[in-house]
Amino acid sequence: MADTPSNMPEDLPPQELSARLQQANRQLHQSEKMAAIGQLAAGVAHEINNPVGYVYSNLQTLEHYLSDLFRLTDAVERADSLEDLHQIRKSIDYEFLRGDLEDLLAESREGIERVKTIIAAMKDFTHTEEEEFRYADLHRGIETTLNVVNNELKYRAQVVRDFGDLPEIRCIISQLNQVIMNLLVNAAHAIENTGTITIRTRHEGDHVTLEFEDTGKGIDPADLSRIFDPFFTTKPVGKGTGLGLSLSFNIIEKHHGQITAASTPGQGTLFRIRLPIEQPGAVSDE
Ligand SMILES: Nc1ncnc2c1ncn2[C@@H]1O[C@H](COP(=O)(O)OP(=O)(O)OP(=O)(O)O)[C@@H](O)[C@H]1O
Ligand SMILES: [Mg+2]
């Protein structure tokens, strides 16, 4: 094997080399984003499938009920006696049908609302073209992301919200959502049976902190210093790319913040993010 990859000749001038590295870094960003969206799409399809399934079956039941009700209203037109109407009303079990109709409609509305929430969350989440720093509500970002990753979390983790009062901070919220997603998905993967993920938010002076604490299997002390390295993963081949945390690190750095991890094997892991409320050099737009 050659010492230098063939697409990165070593005799390039430093500026050219640096430009190519930046280009490679951008492509990495983009492909990681696409991979994350692909993974999410599968989860979201699963989440939407369930409410859509029962709304569909409710519609079929409603069709039957409607034809029964039409039988009754048609009979009103041509009934010879009140007795006939009573007979039909009895035969279609009007009382049951009425109660069930109300339940079916309420349940269907709930299902559609769930689908709407998921779609709104996806939209919020993927503001992909958004590259500008704007004031945004981190709690909203957390809720959006929780909605999007619900499928990964719901069977394993109870999510506890320990939220403080947060001011809006100047950030690129779609990118912070990606960080939150990586941390939540990692936490869920670390939990072997069932456990808890605690999300803590605090405002302290000119910055805010976000903590994601899980009761998962923890990180080996020998690995702890490598988890933010690109391609470092302990997951089986084909499972993890090892890019989630390095991407998150870059995003937090771009926001002039810090991300750190502490872990006790067998007990759990705590990721802590510190973000300034204002960005240095940003021009006020609000
Ligand atoms: N909450 C956590 N608990 C235990 N180990 C963790 C946790 N978060 C990260 N890790 C460790 O850090 C490694 C790197 O995480 P990272 O998110 O960068 O990549 P990945 O999860 O392996 O793959 P990808 O995110 O690309 O699917 C993981 O493989 C895992 O060993
Ligand atoms: Mg990961």
Side-chain angles (χ1 to χ4, degrees), residues 24-46 125-126 128 141-142 144-162 174-201 209-255 257-274:
N25 198 20
R26 271 197 297 276
Q27 280 172 356
L28 198 63
H29 248 258
Q30 192 54 29
S31 68
E32 161 75 0
K33 195 144 88 184
M34 296 316 289
I37 290 172
Q39 190 190 13
L40 279 177
V44 167
H46 183 94
F125 189 85
T126 49
T128 40
I142 293 170
T144 294
T145 311
L146 278 170
N147 258 309
V148 173
V149 296
N150 186 39
N151 189 48
E152 299 264 3
L153 306 188
K154 65 182 170 194
Y155 300 113
R156 303 180 199 217
Q158 192 206 347
V159 176
V160 175
R161 294 166 177 80
D162 173 3
S174 61
Q175 296 194 354
L176 293 185
N177 286 346
Q178 264 191 68
V179 173
I180 297 166
M181 180 190 83
N182 286 328
L183 296 182
L184 289 172
V185 171
N186 281 346
H189 286 168
I191 292 171
E192 278 162 334
N193 296 307
T194 54
T196 306
I197 300 174
T198 306
I199 308 175
R200 218 169 278 118
T201 66
T209 57
L210 307 181
E211 289 183 355
F212 295 82
E213 186 168 21
D214 66 64
T215 58
K217 62 176 183 249
I219 302 172
D220 194 317
D223 291 340
L224 199 56
S225 61
R226 303 171 62 202
I227 56 172
F228 294 106
D229 293 351
F231 304 110
F232 175 80
T233 181
T234 54
K235 294 175 186 170
V237 181
K239 259 284 172 118
T241 61
L243 288 174
L245 284 179
S246 88
L247 182 75
S248 303
F249 189 92
N250 287 342
I251 291 173
I252 298 302
E253 201 170 46
K254 181 168 164 187
H255 283 76
Q258 285 106 38
I259 177 169
T260 52
S263 184
T264 312
Q267 285 189 20
T269 303
L270 170 71
F271 280 88
R272 187 159 197 275
I273 297 173
R274 181 189 156 114

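Throughout, numbering of the chain's residues begins at 1 and tracks the sequence. Each ligand, and each atom within it, is numbered from 1 in the order the structure gives. These numbers were taken from a predicted model, which means no experiment stands behind them.
The backbone and the side chain of T233 each have at least one atom closer than 4.0 Å to an atom of ligand 1 (non-hydrogen atoms only). For D214, every heavy-atom contact with ligand 1 shorter than 4.0 Å involves the side chain, none the backbone. Residue-level proximity to ligand 1 for F271 is carried by the side chain, the only part with a heavy atom below 4.0 angstrom.
Ligand 1 has an N or O atom lying under 3.5 Å from an N or O atom of G242, backbone or side chain. The shortest N or O to N or O distance between I219 and ligand 1 is not below 3.5 Å. Residue T234 has at least one nitrogen or oxygen atom sitting less than 3.5 Å from a nitrogen or oxygen atom of ligand 1, judged on distance alone. Annotation: S246 places no N or O atom under 3.5 Å from an N or O atom of ligand 1; distance criterion only.
Not a single N/O/S atom of T233, whether from backbone or side chain, sits less than 2.8 Å from the Mg ion (ligand 2).
With hydrogens and angles ignored, the 3.5 Å screen pairs a side-chain donor or acceptor of N182 with a backbone N or O of Q178.
The side chain to side chain donor-acceptor pair (under 3.5 Å) analysis of residues 210-219, with sequence neighbours excluded, yields the pairs R200-E211, R200-E213, E211-R272. Applying the salt bridge (charged side-chain N to carboxylate O under 4.0 Å, His left out) test to residues at least two apart or on different chains, none of the pairs has a partner in residues 175-197.
Proximity of L146 to V159: side-chain heavy atoms (C-beta onward) are separated by under 4.5 Å at one or more points. Taking the side chain as every heavy atom from C-beta outward, V179 and F249 never approach each other to under 4.5 Å.
Counting only non-hydrogen atoms, the option in N182, N186, I191 that gets closest to atom 17 (O) of ligand 1 is N186.
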